[in-house]
Protein chains: 2
Amino acid sequence: MADGAERQQTRRRGAALEEAILRAAVEELTASGYAGLTMDKVAARAGTNKNALYRRWPHRLALGIAAYRRLATAVQPPDTGSLRGDVLALLHGANRHWSSPLGAILRELMAAAGGATELLAQLQDQSADATAAPWLTVLGRAVARGEAAPEALHPRVATVAVVLLRNEFVVRGVPSVPDEVLVEIVDEVYLPLVRGRGGPVRPV
Amino acid sequence: MADGAERQQTRRRGAALEEAILRAAVEELTASGYAGLTMDKVAARAGTNKNALYRRWPHRLALGIAAYRRLATAVQPPDTGSLRGDVLALLHGANRHWSSPLGAILRELMAAAGGATELLAQLQDQSADATAAPWLTVLGRAVARGEAAPEALHPRVATVAVVLLRNEFVVRGVPSVPDEVLVEIVDEVYLPLVRGRGGPVRPV
DNA sequence: CAAGTAAGGTACTGTCCGTACCCTAAATCC
DNA sequence: GGATTTAGGGTACGGACAGTACCTTACTTG
């Protein structure tokens, strides 16, 4: 044990040790991203060794994902009173998230997971349900107000805006998507779409 | 030089050598994907050594992208006579492409490129223009036929369907997206969107 | 034919994952 | 409370690969 972390008085076990490892992993992750998350460094920082890590996570990526999950928080649906306001708020939130260091880590993890479904599913930003939930909430209210057509209450439709935003990140390598693009997504695509074929259900 | 490839009679130079290296890289790429593309193996297969590779490409990813470009071909816009037919055809094509081994390689490369704009731009599947072109062509014809609103002739709007499809690949780790999903994207999202707020410009 | 340039050969550094093995502290069982 | 089982700790490797250095050798060009 490299004695960077002071030698433990009493040997930690089970949950306590797991906690310490995860904390160390989170620190490494925020400090150097997933690329800089090495098993040796995490073990050293947690004051343990790689055995303890591999006994709990089968490989580096699993540990990376577990650490990321400590950092990610669920999106709260906004309530600005208008659909356009809510949608822009959600989009701004997503843009901020993906632009943040945390978003960069998320993208690294997604890249590393490649097509591994069972790993991707653990990244909640990634889980279809978690993404769709706030959009459905917001849209539900808009439908009640007559600002959107009921057919729009469909995950595929409801999440179109955020999917387009994610696409901006993927396709351009940009660090952050400019506000004009968000507005364009909302006004050119999303609102026309959810208002349904016949224009606003009821003029707003 | 490991003598796997027969010893050259005469020493290749410049373009001839570059060609041989690229051919070897393409073979490695198709055989084992980007993950299996190692500089040592490419050099061995080309009957040369890593120096020749690094003299031409600064790192593995650059070589991987160069090799991929040999394999990718441009999308031809279909002309089925109806917008729905064209759109489904384009979507099927994209689905087939991304489901193919080649698509898997593309996804690996995109993942490896991360946010490196200048590298991403070299993956033409990735370049915004190359993606948008066939969609604009198809939509242009639809507008002329009165099947779509002229406002739809906007890259962001025109490419919505293929962006949603790509999202399916990214979010689920699926090997291939089922046809029902394509139809849903077209009927629930794309057609309502491009027909414009007032329903079909002219009944079809 | 001389000089310059690009290839070839080879060996090495450095990083890091994942594993193996053996020793020791802590919990658990009788 | 001692014996047994389980989990941690220390440490050392094996094995891949990227990327680099450096020297020798063939080809090209003036």
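The basis for the numbers below is simple: all heavy atoms, side chains too, and nothing from hydrogens, waters or symmetry mates. Chain A is the first sequence line, chain B the second, and so forth, proteins listed ahead of strands; every chain is numbered from 1.
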- Message: Do R60(A) and Y34(A) form a cation-pi contact, if we require the NZ or CZ to be under 6.0 Å from the six-membered ring centre and within 45 degrees of the ring's axis?
- Response: yes
- Between the CZ atom in R107(A) and the CH2 atom in W98(A), the distance rounded to the nearest 0.5 Å is 9.5 Å
Short N/O separations, protein against nucleotides 16-19 of chain D, under 3.5 angstrom:
from	atom 1	to	atom 2	distance (Å)
dA18(D)	OP1	R60(B)	NE	3.2
dA18(D)	OP2	M39(B)	N	3.1
dG19(D)	OP2	Y54(B)	OH	3.2
dG19(D)	OP2	R60(B)	N	3.2
dG19(D)	N7	K50(B)	NZ	2.7
dG19(D)	O6	K50(B)	NZ	2.7

- Task: Answer yes or no: is there a donor N or O on one side and an acceptor on the other, between the side chain of H154(B) and the main chain of R156(B), under 3.5 Å?
- Result: yes
- Query: Does the pair K41(A) and S32(A) meet the rule for a side chain to side chain contact (heavy atoms under 4.5 Å, CB included), with working shown?
  - Reply: CA-CA 11 Å; K41(A) 281 198 290 179; S32(A) 353; 4.1 Å; yes
- Count the heavy atoms of every other residue, nucleotide or ligand shown that sit under 6.0 Å from CZ of R56(B), and state whether that count exceeds 12. yes
- Task: Grab the CG-C1' distance between L17(A) and dA25(C) for me, whole Å please.
- Result: 13 Å
- Query: What is the distance, rounded to the nearest whole Å, between atom CG of N51(B) and atom C1' of dA26(D)?
  - Reply: 15 Å
- Query: Between R56(A) (CZ) and dA7(D) (P), how many Å, whole number?
  - Reply: 9 Å
- Would you please confirm or rule out a distance under 4.0 Å between OP1 or OP2 of dA6(C) and any side-chain N or O of R55(B)? no
- Message: Are the side chains of T48(B) and L17(B) in contact, using a 4.5 Å heavy-atom criterion?
- Response: yes
Name the pairs: protein N/O against N/O of nucleotides 28-30 of chain D, kept only if under 3.5 Å.
none

- Note on the structure: Separation of dT19(C) atom P from W57(A) atom CH2, nearest Å, is 16 Å
- Bend angle of the helix from dC1(C)-dG30(D) to dC30(C)-dG1(D) from five-pair axes at both ends, rounded to 10°? 10°
- Message: For the CG atom of D79(B) and the OG1 atom of T137(B), what is their distance to the nearest 0.5 Å?
- Response: 10.0 Å
- Message: Between R23(A) and E19(A), does any side-chain N to carboxylate O distance fall below 4.0 Å?
- Response: yes
- Item | Qualifying residue for side chain to side chain contact (heavy atoms under 4.5 Å, CB included) with P134(A), from L90(A), D86(A), T159(A) | L90(A)
- Once you round it to whole Å, what is the distance between P of dC17(C) and CD of E28(A)? 11 Å
- Measure the CG-CD distance between L193(A) and E151(A) for me, rounded to the nearest 0.5 Å. 10.0 Å
- Message: If you apply the rule side chain to side chain contact (heavy atoms under 4.5 Å, CB included), what do you find for H97(B) with V75(B), and how did you get there?
- Response: CA-CA 10 Å; H97(B) 180 204; V75(B) 173; over 6 Å; no
- Between N49(B) (CG) and dT20(D) (P), how many Å, whole number? 14 Å
